[in-house]
There are 2 protein chains.
Amino acid sequence: MAITVNQIAEKCGVSRTTVLRALNDRGSVGKETRERILAVAKEYNYRPNLLARSLNHGRTMSLGVVTINIENMYFVQSLNIINKEADKRGYFTNIVVCDESLDWEKKLIQGLADRQMEGILISPINKGKEFEEFLLSLHIPIVCIGNQVSDAITTVQVNEMTAAMESVDLIVSKGYERVVFICPPLAVKEKENIYVHEQRLLGFRASVAKYPELESAVIGKTDYLPDVKCVIKEGREKRTAFLCSGDSYALNVMRWGQQNGMSIPKDYGLMGFDNINILEFISPKLTTVSTNLEGVAATAVSELLAQIDSEEYSPKAIYLNYKILDRETL
Amino acid sequence: MAITVNQIAEKCGVSRTTVLRALNDRGSVGKETRERILAVAKEYNYRPNLLARSLNHGRTMSLGVVTINIENMYFVQSLNIINKEADKRGYFTNIVVCDESLDWEKKLIQGLADRQMEGILISPINKGKEFEEFLLSLHIPIVCIGNQVSDAITTVQVNEMTAAMESVDLIVSKGYERVVFICPPLAVKEKENIYVHEQRLLGFRASVAKYPELESAVIGKTDYLPDVKCVIKEGREKRTAFLCSGDSYALNVMRWGQQNGMSIPKDYGLMGFDNINILEFISPKLTTVSTNLEGVAATAVSELLAQIDSEEYSPKAIYLNYKILDRETL
DNA sequence: TTGTAAGCGTTATCAA
DNA sequence: TTGATAACGCTTACAA
């Protein structure tokens, strides 16, 4: 459908080299010839075929991004930033969505590689040796966001472990006597990459150990609300706070409480992780940890580009600052 | 970095044609030769370069999707569905995000076209003759979601106008005496595509005209909360409902009310549009219109593919069913 | 100022 | 069973 250099050349009765020179303004072209060429190009709305160009000089100037779980909005907020940072350096960003299946994720990554993306950003749900080897076998620069795969692959993240520790400190400082950690089922950990949640759990465990008086528990299941209910009923005399590894857990706990006539933080404390952007609509304002998605995204892009540009690149683990947002639910 | 057919051929001491036959299982290849070839291919993790393949037979089997405004979540919910529908038919989906700038949108669309996407899905923020011509000049199948550009380009949507009319009917049937419509500034309408909002406004106007007793008003500005405040103060004696062209408007009005000790629907009624997925976390449950994103997305994909496949395709306007969700805020 | 020729990696056709 | 050749659209080096 679109017109090609060859067709323009034919129409103008010159060689395609001449056409190229006219279009790209390199070398010298007879004034009249140039005008004729430009006129035809304009008339037929000529645009270079980037596939052909890329094939030719081995660069697509495109990055791939694999997003998980777009409905939960973890990572979604970063997309704009990734897009803009990449654009600043002349790269086009191709996003694909994965929707929680391990196989899909691999398939999409492969698809991006097959399309000659120069680098790929992932917040992976796969994990383990096999996945690592898969990624390395692509021979493409890759940067992970949040979830680590191995130290052979650069990861950009915040220090979730110390963030969790500080969160517990905050909770204790507010006089809570019992703290319950809510996170995804740990059983999936064998197959699925829940690195950030694991790190947070580690931080939680390390921190509660510092407070002998503090009662603590962990709820790690898909159907966590019944347990939450239990916890609250069984010990009304102790002031209890829930630390949730992800704001949406916290929002569900909040909603459940509201439906049952409880008030936060009077009846129990609540704290989340991630500071997802829908929190602005929710009241009371959730106390949470900002995982600095903007910073992480921007850093991930520039790290990826550094990897693309340099011959010898050594993988890193990069930690950015998080920020505890002490709002209304503790 | 990646190995090519030519390199395999060289390594195996055969022609690339033979390598191809072995890899693609077409034609006949000597048993031993085949094994040698496959072994080398496996060892070096051969993958066909899709750029080259596409260039060759003129098909990329890729669709482009331009999403707007990802943080407001309009359209985001559709991405998974688009992705899956496309995959079912063998297409790869490339998403790009646009972040509210008219120029960016054009640039991204052009980028997708230059990369030889076979079709493009947009929920455009641009509008007008010039934009229409731009789209047509690409000579690529395009389907619009929600916002119409012109009847030369297929649009898939729900009938927002009748949805708005029905919403007013519902509000009236609940005994409200005053209804206020909140939508984006109408001034932008010259440049920016706010077709869905315009349609809703038309429906609103048409419907209130049916009820002579009903008082009505329209608030169309970025900073709408002061007006909302005014409206509520000035006429406490009349039961008032706000119909918001977008759930996030409604959520802001709700939050404002909560902060000011008002209760919904006791003090005023509230209704939104879109049924965005964060509503599940919000209480009271917002009465809203489900614009059937899933259905719209799936239809848009299959319409786009139909357009790709058929030689003579005539643009359509496709309307899907919406659904009024009468919940707790009226 | 203009053109020829070779190449990017894949595929298809035709001949040996 | 195998290979040579041309083509997709663009780029570059070299020659006229």
Side-chain angles (χ1 to χ4, degrees), chain A residues 1-38 40-41 44-62 92 111 113-118 138-140, chain B residues 1-38 40-41 44-62 92 111 113-118 138-140:
Chain A
M1 202 78 242
I3 197 171
T4 72
V5 178
N6 280 310
Q7 290 168 317
I8 297 182
E10 199 174 357
K11 273 191 205 302
C12 296
V14 294
S15 79
R16 68 169 163 276
T17 321
T18 308
V19 173
L20 252 308
R21 271 192 281 259
L23 292 174
N24 299 347
D25 232 2
R26 85 163 80 263
S28 47
V29 188
K31 186 149 178 276
E32 200 195 328
T33 332
R34 131 178 282 118
E35 275 163 12
R36 201 153 25 104
I37 291 171
L38 293 181
V40 173
Y44 290 91
N45 191 27
Y46 169 77
R47 288 245 108 207
N49 181 328
L50 259 37
L51 260 43
R53 178 179 288 179
S54 295
L55 182 61
N56 183 285
H57 51 237
R59 301 208 61 173
T60 55
M61 296 308 283
S62 299
F92 193 82
D114 291 347
R115 285 169 180 76
Q116 314 300 117
M117 296 294 117
E118 292 192 39
L138 299 175
H139 298 292
I140 294 180
Chain B
M1 200 82 239
I3 197 171
T4 73
V5 177
N6 280 311
Q7 290 168 317
I8 297 182
E10 198 174 357
K11 272 193 207 300
C12 296
V14 294
S15 79
R16 67 168 166 278
T17 320
T18 308
V19 173
L20 250 307
R21 271 192 281 261
L23 292 173
N24 298 347
D25 233 3
R26 83 164 82 261
S28 46
V29 188
K31 187 149 179 270
E32 202 193 328
T33 333
R34 131 176 283 118
E35 275 163 10
R36 202 151 28 102
I37 293 171
L38 292 181
V40 173
Y44 291 91
N45 191 28
Y46 169 76
R47 289 246 107 207
N49 181 329
L50 258 39
L51 259 44
R53 179 179 290 179
S54 294
L55 181 60
N56 182 280
H57 52 237
R59 303 209 59 174
T60 56
M61 296 308 284
S62 300
F92 193 82
D114 291 347
R115 285 168 180 76
Q116 313 300 120
M117 297 292 118
E118 292 192 38
L138 299 174
H139 297 291
I140 294 181

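Every value quoted in this text rests on a predicted model; they were computed, and no experiment measured them. For the numbers below, each heavy atom of this structure counts, side chains included, while hydrogens, waters and symmetry mates do not. Residue numbers start from 1 in every chain, and the chains themselves are labelled A, B, ... in the order their sequence lines are given, proteins ahead of strands.
- The salt bridge (charged side-chain N to carboxylate O under 4.0 Å, His left out) analysis of residues 47-57 of chain B, with sequence neighbours excluded, yields the pairs A:D114-B:R47.
- B:R34 meets the side-chain hydrogen bond (donor to acceptor under 3.5 Å, both in side chains) test with B:D25; sequence neighbours excluded.
- Atom-to-atom, CG of A:L50 to C1' of C:dC8 comes out at 15 Å; the value is rounded to the nearest Å.
- Remark: A:T17 engages A:S15, A:R21 in a side chain to side chain contact (heavy atoms under 4.5 Å, CB included) (not counting sequence neighbours).
- Nucleic acid contact class of A:L20 (heavy atoms, under 4.0 Å, all strands): base.
- Atom CG in B:L51 sits roughly 11 Å away from atom P in C:dG9 (whole-Å rounding).
- Separating the CG atom of B:L23 from the P atom of C:dG9 is a distance of 15 Å, rounded to the nearest angstrom.
- Where A:S15 and A:L55 meet DNA chain C, the nucleotide closest to each residue was compared, and A:S15 sits on the side nearer the 5' end.
- In the displayed structure, A:E35 atom CD is contacted under 6.0 Å by more than 12 heavy atoms of other residues, nucleotides or ligands.
- Atom pair A:I37:CD1 and C:dT1:P shows a separation of 13 Å (rounding to whole Å applied).
- As judged by a 4.0 angstrom heavy-atom cut-off over every strand, A:N49 is placed among residues touching the sugar-phosphate backbone only.
- Contact annotation for B:T4: backbone-only contact, meaning every heavy-atom pair under 4.0 Å involves sugar-phosphate atoms and none involves a base.
- Using a 4.0 Å heavy-atom cutoff across all strands shown, B:R47 reaches sugar-phosphate atoms only and no base atom.
- Taking a heavy-atom distance under 4.0 Å as the criterion, the stretch of DNA chain D touched by chain A extends 5' to 3' from D:dG9 to D:dA13.
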Extract from the structure each pairing of a protein N or O with an N or O of nucleotides 12-16 of chain C at less than 3.5 Å, listing the distance.
none

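- Residues forming a side chain to side chain contact (heavy atoms under 4.5 Å, CB included) with A:L51 (at least two apart in sequence, or on another chain): A:N49, B:L51, B:S54, B:T60, B:Q116.
- Residue B:I8 forms a side chain to side chain contact (heavy atoms under 4.5 Å, CB included) with just one option from B:L20, B:I3, B:T18, and that option is B:I3.
- Side-chain nitrogen and oxygen atoms of B:S54 include none within less than 4.0 Å of the OP1 or OP2 phosphate oxygen of C:dT10.
- Residues forming a side chain to side chain contact (heavy atoms under 4.5 Å, CB included) with B:N6 (at least two apart in sequence, or on another chain): B:T4, B:R16.
- Between A:E10 atom CD and C:dG3 atom C1' the separation is 16 Å, expressed in whole Å.
- Taking atom CD on A:E32 and atom C1' on C:dT1, their separation rounds to 13 Å, with Å as the unit.
- Computed from C1' positions of five pairs at each end, the angle between the two local axes of the helix from C:dT1-D:dA16 to C:dA16-D:dT1 equals 50°, rounded to 10 degrees.
- Shortest non-hydrogen contact noted between B:A113 and B:I140 is CB-CD1, 3.4 Å.
- The local environment of OH in B:Y46 is crowded, with over 12 non-hydrogen atoms from other residues, nucleotides or ligands closer than 6.0 Å.
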Intermediate values then yes/no, side-chain contact (heavy atoms from CB on, under 4.5 Å), B:S62 and A:R115: CA-CA 10 Å; B:S62 300; A:R115 285 169 180 76; 3.4 Å; yes

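- With sequence neighbours excluded, the residues forming a side chain to side chain contact (heavy atoms under 4.5 Å, CB included) with B:N45 are A:S137, listed by chain and number.
- In this structure, B:G58 reaches neither bases nor backbone, as no heavy-atom distance under 4.0 Å exists between it and the strands shown.
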Trace of the side-chain contact (heavy atoms from CB on, under 4.5 Å) decision for B:K11 with B:Y44: CA-CA 11 Å; B:K11 272 193 207 300; B:Y44 291 91; 3.6 Å; yes

